[in-house]
Peer 1: 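Pasting in a structure now, in structure tokens, and then I'll have a few things to ask.
We use all heavy atoms of the structure for the numbers below, so side chains are in, but hydrogens, waters and symmetry mates are not. Protein chains get the first letters and strands the later ones, always in sequence-line order, with residue 1 at the start of each.
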There are 2 protein chains.
Amino acid sequence: MTRSMSSFDKAMALFGALVAQDGVFESDAMSVQLGVPESTLYRHLNALHSAGLICRSRRGRYLPNPVFLKKLEGYTPHAVLSELVRPFLDQLSVALETTTHFGLLENDMVTYLAKSVFEGEEVFTRENGQLEAYCSAIGKVLLSHMTVDERRAYISSGPFPKLTDKTITDPAAIERELHRTRNKGFGVDDGEVHNALYCIAVPVFSSRGIVVGAISSSSSQRWASPKEQRDRLIQLNGVAQSISSTLGAGA
Amino acid sequence: MTRSMSSFDKAMALFGALVAQDGVFESDAMSVQLGVPESTLYRHLNALHSAGLICRSRRGRYLPNPVFLKKLEGYTPHAVLSELVRPFLDQLSVALETTTHFGLLENDMVTYLAKSVFEGEEVFTRENGQLEAYCSAIGKVLLSHMTVDERRAYISSGPFPKLTDKTITDPAAIERELHRTRNKGFGVDDGEVHNALYCIAVPVFSSRGIVVGAISSSSSQRWASPKEQRDRLIQLNGVAQSISSTLGAGA
DNA sequence: TCTCCATTTATCACATTGTGATAGCAATTG
DNA sequence: CAATTGCTATCACAATGTGATAAATGGAGA
């Protein structure tokens with residue numbers, strides 16, 4: 001099923017590597033990094049140039065073409081992501097009979113990009129609103145996928161307000177909770193943000209395993225049984241998978 | 001000399017058309033617009049998808065991949081343009097023995113993205129600073145390449161302050177001056193912004209004829225002879241051409 | 001539910017490109 | 001000036017893109 005790689009994909013891989021390295025192109029290093037012979041790399045470089053994706057600045061330095069960048073000015077990752085994710089959330093909220101969210105981490109807070117309400121159920125979140133990360137289900141998932149350093153920085157950035165009786169506020173306890181979240185593969189908010197709000201969340205990965213965000217199922221009442229929770233998780237993960245695949249391979 | 005078009009170029013042309021139309025893809029219309037058969041378009045569409053450039057939202061709607069957009073977040077057209085243009089300005093300021101600028105239009109003002117000073121010559125402009133467009137050489141060039149509607153809107157957006165004795169402030173006179181500028185192909189500021197500032201400017205086009213910005217030669221004294229001015233224009237146009245070609249074909 | 005229409009995938013023989021090893025040129029650095 | 005690295009040119013061969021055609025899918029409306 002693995003469709004053969006078009007020349008396109010390889011050249012775009014080079015483009016990705018270039019922008020990630022601030023435009024610096026070292027032929028031999030890149031050659032091993034991408035597994036492509038140098039002569040081919042230069043051909044790709046020229047293809048990217050003549051396609052208007054990159055410009056040559058100094059010798060050995062290639063920058064994204066400003067004319068190309070201008071074309072994309074109207075598109076923000078936020079706006080596009082929320083549009084892409086919305087139909088999946090709608091489908092999920094019908095299937096689970098709960099309100100669903102998609103959110104991502106921004107400045108240590110969770111930003112909710114999209115929300116799909118289940119039949120007039122009242123959930124106080126707002127699209128494009130933010131919530132604390134350490135106590136929300138989506139936040140826990142996203143924090144649990146940070147690098148060690150990032151997480152350490154977050155943990156030591158407290159204090160962590162006690163939003164409800166159940167909120168975990170002790171830094172060490174939060175760290176343990178994040179470890180648990182990472183190991184389980186999903187995050188739980190058991191009334192830790194609000195007395196009448198119970199959520200579970202799972203991560204959404206890009207095809208290369210980078211965490212793009214997380215989706216959650218929120219309800220004003222606790223889930224009835226472990227079995228019900230398990231069922232929700234399966235459906236959540238299925239939709240997360242679907243979102244991953246609409247994001248495509250080159251990410 | 002026209003190198004044969006790689007599959008890359010055609011697919012990127014499709015990408016450009018897509019983002020320009022807010023993601024809407026109509027196979028038959030696009031087919032005639034781009035001169036590519038439908039079956040090939042769909043193949044390109046899939047190539048763009050698997051390369052991580054686009055995602056499918058609804059049926060017939062394709063959006064830039066948010067993961068891809070995020071990779072480009074660190075690059076602004078301004079920053080890239082000024083880096084690309086700088087070496088050309090330096091070369092030009094040595095050749096012409098004047099200070100040189102690169103600027104573009106933004107909210108009806110000229111923004112100076114890059115400046116190359118000639119041997120300590122004092123010119124009061126600042127990089128990333130702005131100046132009025134109607135009286136500066138770069139501004140006149142850029143205004144003269146606006147569409148009819150844009151220019152009309154600009155002309156009626158006055159008043160236009162009289163910065164020096166020579167500043168043209170009458171809307172009708174400005175319009176005539178812009179016409180002249182467009183016809184000559186270069187703009188002149190004969191002490192109209194500042195008593196001791198004389199500039200000429202020419203446009204920088206992208207390969208598809210879109211005006212990306214303009215470059216100018218500024219001096220604190222008027223040019224000596226028509227011949228000298230003609231010489232400067234030739235060099236300015238040569239450099240403008242060079243910038244165009246580093247911007248590449250796909251723009 | 002069924003029909004209709006535009007979108008989208010699948011398949012084919014054929015033409016065009018991409019590939020990568022090698023050699024050589026060009027430009028920067030010391 | 002030599003030496004290093006960036007970059008281009010060329011080749012025979014393999015792989016991919018091409019476009020006409022046909023068929024399948026999905027969504028909107030009767």
Peer 1: For the pair made of NE2 in His44(A) and P in dT16(D), what is the distance, rounded to whole Å?
Peer 2: 12 Å
Peer 1: Atom CG of Leu41(A) to atom P of dT5(D): distance rounded to whole Å?
Peer 2: 17 Å
Peer 1: Check whether any side-chain N or O of Asn65(B) sits under 3.5 Å from a backbone N or O of Cys55(B) as a donor-acceptor pair, and report yes or no.
Peer 2: no
Peer 1: Along nucleotides 23-30 of chain C, 5' to 3', which nucleotides get a B, which get an S, and which get a -, given that the test is a protein heavy-atom distance under 4.0 Å?
Peer 2: ---BBS--
Peer 1: Within 45° of the axis and under 6.0 Å from the centre of the six-membered ring of Phe68(A), does NZ or CZ of Lys71(A) qualify?
Peer 2: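 No.
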Peer 1: Just how far, in rounded Å, is P of dC7(D) from CD1 of Ile54(A)?
Peer 2: 10 Å
Peer 1: Establish, from distance only, whether the side-chain atoms of Ser116(B) and Asp90(B) form a donor-acceptor pair under 3.5 Å.
Peer 2: yes
Peer 1: For Arg61(A), which contact category applies under a 4.0 Å heavy-atom criterion: base, sugar-phosphate, or nothing?
Peer 2: nothing
Peer 1: Are Phe205(B) and His145(B), when compared by the centres of their aromatic rings, separated by less than 6.0 Å?
Peer 2: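 Yes, they do, as the ring centres are separated by less than 6.0 Å.
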Peer 1: Taking 4.0 Å as the cut-off, does a side-chain nitrogen or oxygen of Tyr42(B) come that near to OP1 or OP2 on dT18(D)?
Peer 2: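 False: Tyr42(B) side-chain N/O out of range (4.0 Å or more) of dT18(D) OP1/OP2.
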Peer 1: Just how far, in rounded Å, is C1' of dG18(C) from CG of Asp9(B)?
Peer 2: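 Checked: the CG to C1' distance equals 13 Å.
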Peer 1: Reckon Phe8(B) touches a base, only the sugar-phosphate, or nothing at all at heavy-atom distances under 4.0 Å?
Peer 2: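 The answer is nothing, as Phe8(B) stays clear of every strand by at least 4.0 Å.
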Peer 1: Have a look at His101(B) and tell me which of Val110(B), Val123(B), Leu89(B) forms a side chain to side chain contact (heavy atoms under 4.5 Å, CB included) with it.
Peer 2: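 Testing each of Val110(B), Val123(B), Leu89(B) against His101(B), the sole residue satisfying side chain to side chain contact (heavy atoms under 4.5 Å, CB included) is Val123(B).
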Peer 1: Do Glu106(A) and Gln130(A) make a side-chain contact, defined as non-hydrogen atoms from C-beta onward lying under 4.5 Å apart?
Peer 2: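 Glu106(A) reaches Gln130(A) side chain to side chain.
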Peer 1: Rounding to a whole Å, what distance do you find between Glu38(B):CD and dT11(C):P?
Peer 2: 19 Å
Peer 1: With sugar-phosphate meaning primed atoms plus P, OP1 and OP2, does Arg58(B) contact a base, only sugar-phosphate, or nothing at under 4.0 Å between heavy atoms?
Peer 2: nothing
Peer 1: Roughly, in whole Å, what's the span from CG in Asn46(A) to P in dG18(C)?
Peer 2: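 Nearest whole value for this atom pair: 11 Å.
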Peer 1: Any side-chain donor paired with an acceptor under 3.5 Å for Glu38(A) and Ser27(A)?
Peer 2: yes
Peer 1: Quick check: do Leu69(A) and Leu81(B) have side-chain heavy atoms less than 4.5 Å from each other?
Peer 2: no
Peer 1: Is there a side-chain contact between Ser93(B) and Val117(B) in this structure, where contact means two heavy atoms from C-beta onward sitting under 4.5 Å apart?
Peer 2: no
Peer 1: Over all strands shown, is Ser7(A) touching base, sugar-phosphate only, or nothing at heavy-atom distances under 4.0 angstrom?
Peer 2: sugar-phosphate
Peer 1: So, Phe15(A) versus Phe8(A), ring centres under 6.0 angstrom or not?
Peer 2: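 Judged by ring-centre distance (under 6.0 Å), Phe15(A) and Phe8(A) do not meet the cut-off.
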Peer 1: Mind running a 4.0 Å heavy-atom check of residues 23-37 of chain A against DNA chain C and sending the residues that fall below it, in number order?
Peer 2: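 Heavy-atom cutoff 4.0 Å gives Pro37(A).
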Peer 1: Hey, does the side chain of Thr40(A) come within less than 4.0 Å of dG20(C)'s phosphate (OP1/OP2), counting only N and O?
Peer 2: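 Checking dG20(C) against Thr40(A), a side-chain N or O does come within under 4.0 Å of OP1 or OP2.
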Peer 1: Let me know the distance between NZ of Lys10(B) and C1' of dA15(C), rounded to the nearest Å.
Peer 2: 11 Å
Peer 1: Nearest whole Å is fine: how far is dG19(D) C1' from Leu14(B) CG?
Peer 2: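 To the nearest whole Å, that distance equals 16 Å.
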Peer 1: Under 4.0 Å between a side-chain N or O of Arg43(A) and OP1 or OP2 of dG20(C)?
Peer 2: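 So the side-chain polar atoms of Arg43(A) never come under 4.0 Å of the phosphate oxygens OP1 or OP2 of dG20(C).
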